Enquirer: 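I'd like to ask you about the structure that follows.
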Amino acid sequence: MELAFTGRVIEWRGPAPYYFVPVPEQESADIREVAALASYGWGVIPVEARIGGTAFATSLFPKDGGYLLPLKNAVRVPSGLSAGDDVTIRMTVRL
């Protein structure tokens with residue numbers, strides 16, 4: 001399953017800051033349709049994502065009926081992304 005969307009980078013404050021992009025409602029609904037095939041435990045969904053020229057593998061986190069795409073510093077910093085920035089993401093759900 002391939003998806004493309006634009007979302008806003010959010011910061012999650014915990015013991016260390018983490019950055020995510022919430023997956024929009026329609027794309028989250030599409031992902032939920034294949035979640036049972038894709039998830040390898042506690043609802044996380046493995047994906048391959050691309051922001052600009054940077055491709056990376058990660059797993060979506062389930063949150064409030066939707067999903068959050070984690071942005072590692074190795075992806076976020078070279079792309080110049082901070083909390084509040086809008087970013088376009090191309091993503092493939094690995095089944």
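Because the structure is a prediction, the values reported are computed rather than measured. For this chain, numbers begin at 1 and follow the sequence in order.
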Enquirer: Nearest 0.5 Å, please: how far is CZ in Phe5 from CE in Met91?
Expert: 4.5 Å
Enquirer: Where do Asn73 and Pro78 come nearest, in terms of heavy atoms and distance?
Expert: O-CD, 3.4 Å
Enquirer: For the hydrophobic clusters of this structure (ILVMFWY residues joined by side-chain heavy atoms under 4.5 Å, transitively), does one cluster hold both Val75 and Leu81?
Expert: yes
Enquirer: Within a reach of under 6.0 Å around CZ of Arg94, are more than 12 heavy atoms found that belong to other residues, nucleotides or ligands?
Expert: yes
Enquirer: Sequence neighbours excluded, which residues qualify as salt bridge (Lys or Arg N to Asp or Glu O under 4.0 Å) partners of Asp86?
Expert: Arg8
Enquirer: How far does CG of Asp85 sit from CD1 of Ile10, to the nearest 0.5 angstrom?
Expert: 13.0 Å
Enquirer: So which atom in Gly66 and which in Ser28 form the shortest heavy-atom distance, rounded to 0.1 Å?
Expert: CA-OG, 3.6 Å
Enquirer: Which atoms form the tightest heavy-atom contact between Lys72 and Thr58, and what is the distance?
Expert: CE-OG1, 4.5 Å
Enquirer: If you group Ile, Leu, Val, Met, Phe, Trp and Tyr by side-chain heavy-atom gaps below 4.5 Å, do Tyr19 and Trp12 land in one group?
Expert: no
Enquirer: For Tyr67 and Glu27, run side-chain contact (heavy atoms from CB on, under 4.5 Å): C-alpha distance rounded to whole Å, both residues' side-chain angles, the deciding distance at 0.1 Å, then the answer.
Expert: CA-CA 9 Å; Tyr67 295 94; Glu27 287 79 1; over 6 Å; no
Enquirer: May I ask you to test the Tyr18-Pro70 pair for a side-chain heavy-atom distance under 4.5 Å?
Expert: no
Enquirer: Return yes if some donor-acceptor pair links the side-chain N/O of Ser39 with the main-chain N/O of Ala35 below 3.5 Å, else return no.
Expert: no
Enquirer: Give the other cluster members for Val77, using side-chain heavy-atom distances under 4.5 Å between Ile, Leu, Val, Met, Phe, Trp and Tyr residues; answer none if it is isolated.
Expert: none
Enquirer: Could you measure the distance from the CD1 atom of Ile31 to the CG atom of Leu60? Nearest 0.5 Å is fine.
Expert: 5.0 Å
Enquirer: Do you know the tightest heavy-atom contact between Arg90 and Ala4?
Expert: NH1-CB, 3.6 Å
Enquirer: Show me the donor-acceptor pairs, under 3.5 Å and distance only, between side chains in residues 40-57 and residues at least two apart or in other chains.
Expert:
unit_1	atom_1	unit_2	atom_2	d
Tyr40	OH	Ser59	OG	2.7
Arg50	NH1	Gly53	O	3.4

Enquirer: Please check if Leu69 and Val34 belong to a single hydrophobic cluster, counting links between Ile, Leu, Val, Met, Phe, Trp and Tyr side chain heavy atoms closer than 4.5 Å.
Expert: yes
